[in-house]
Amino acid sequence: VVVPVYNDHRYIKECIESALGQDYENIEIVVVDDGSTDRTPEIIRTFGDQVRYIRQENQGTAAALNTGIRHAKGSLIAWLSSDDAFLQGKLSHQMRKLEQEPHLSAVYTDWIMVDGEGRELRVVHCPHPAPQMFPAALLEGNFINGSTILIQRRCFEEFGFFDETLPTDSDGAMWYRLLKGGCQFGHVPIPLVRYRWHAANLSHRHRLHHLCKDRVRCEALRLFTAQDLFAGIHEGRHDALGAGYQRLAQAFGRQYLFRAAGCSMHRALQQHFTFDRACRWLFYRLMGVKLLQSTLLYAQEVRNRRLGR
């Protein structure tokens with residue numbers, strides 16, 4: 001279990017205790033302190049030799065994860081964010097899934113969203129599309145929570161580590177690379193992680209998060225061919241590939257990912273030109289202008305604050 005942490009003294013104790021409390025016995029916990037300046041190091045040291053403690057200069061979550069993976073000894077890697085917590089049986093459920101389906105490269109689970117005080121907000125039940133539909137579905141919305149994943153170590157050795165140039169959404173970028181490499185994901189349909197949503201949470205910084213998501217999805221569109229994404233979904237239908245790209249563009253647009261929406265609509269146009277698609281492509285290009293996008297994201301951020309999200 002790799003735990004990247006930076007200035008999270010409020011939640012790190014609960015996080016580590018949830019990993020130590022798993023009923024799966026053969027477990028190693030590697031905590032990578034990414035240059036914390038608060039009481040985080042002091043709290044981690046109270047666990048003594050129950051955890052491996054590594055400290056590095058502040059380089060970001062992806063770099064801390066990569067450090068932990070490189071130092072971990074096991075053949076399976078779990079990621080646990082420092083403000084999240086495993087529920088009992090999380091790892092053993094996933095191990096059983098891997099034993100039953102050894103062709104799987106990774107297993108994710110459902111999860112519970114809680115607020116900064118630990119109050120339950122909602123239970124998130126994740127989809128599990130068929131392998132031929134998985135890439136397109138994951139592009140429409142990344143439904144794999146990083147803290148729920150258990151992944152074969154060989155995946156990192158074969159396809160590389162988390163992208164350290166991404167302040168956020170490096171997990172999404174990793175999932176797309178694995179899918180392109182032919183890896184398959186399994187799913188345990190049980191909530192086994194408490195995911196904390198609070199003001200200090202990196203995903204809560206909407207503008208930064210959206211910029212990274214936009215970039216990652218643009219790169220994924222270049223990574224996957226049309227056949228990778230849609231051949232098994234609309235096979236035999238006229239303009240199947242174009243319709244698939246248009247649906248993706250509309251999904252990106254609803255998430256304010258206008259660069260990705262423009263890229264996807266451009267591919268729809270390349271498959272089959274229509275005046276409607278041309279207008280939509282121009283709209284997404286205009287909305288992708290930094291000033292307009294920044295204004296929309298700021299408005300969304302203000303709205304979410306008012307709604308207490």
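Nothing here was measured: the structure is a model prediction, and the numbers come from that model. Hydrogens, waters and symmetry mates play no part in the numbers below; they use all other heavy atoms, side chains included.
- Using a 4.5 Å heavy-atom threshold, the side chains of Gln152 and Leu76 count as touching.
- For the residue pair Asp34 / Gln56, a side-chain donor-acceptor distance below 3.5 Å is found, with atom types taken as modelled.
- Salt bridge status for Asp169 with Arg215: absent, with no side-chain N to carboxylate O gap under 4.0 Å.
- Without hydrogens or angle criteria, Gln246 side chain to Ala268 main chain gives no donor-acceptor distance under 3.5 Å.
- Classification of Arg217 and Glu140 as a salt-bridged pair fails, no side-chain N sitting under 4.0 Å from a carboxylate O.
- Annotation: ring pair (Phe, Tyr, Trp, His ring centres under 6.0 Å) contacts of Tyr245 (sequence neighbours excluded): Phe230.
- His128 contributes a side-chain N or O that, together with a main-chain N or O of Phe185, makes up a donor-acceptor pair within less than 3.5 Å.
- Neither side chain, Trp111 nor Thr109, offers a donor N or O lying under 3.5 Å from an acceptor on the other.
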side-chain contact (heavy atoms from CB on, under 4.5 Å) evaluation trace for Thr37 with Asn58: CA-CA 10 Å; Thr37 57; Asn58 183 249; over 6 Å; no
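- In this structure, Lys90 contributes its side chain and Thr148 its backbone to a donor-acceptor pair below 3.5 Å.
- Counting only distance, with no hydrogens or angles, the side chain of Arg194 and the backbone of Gly118 share a donor-acceptor pair below 3.5 Å.
- Between the side chains of Asp33 and Ser36, at least one donor N or O lies within less than 3.5 Å of an accepting N or O.
- When side chains are defined from C-beta on, Ile149 counts as touching Trp175, because their heavy atoms get closer than 4.5 Å.
- At distances below 3.5 Å, not a single donor-acceptor pair connects side-chain atoms of Glu164 with backbone N or O atoms of Gly60.
- From Leu87, atom CG reaches atom CD1 of Ile112 across 5.0 Å, with rounding to the nearest 0.5 Å.
- Side-chain contact, Thr165 with Asp163: a donor N or O sits under 3.5 Å from an acceptor N or O.
- Between Phe143 and Phe134, the ring center distance clears the sub-6.0 Å criterion.
- Legend: ring-ring contact (aromatic ring centres under 6.0 Å, His included) pairs involving residues 22-76, not counting sequence neighbours: none detected.
- Side-chain polar atoms of His9 and Asp38 form a donor-acceptor pair below 3.5 angstrom.
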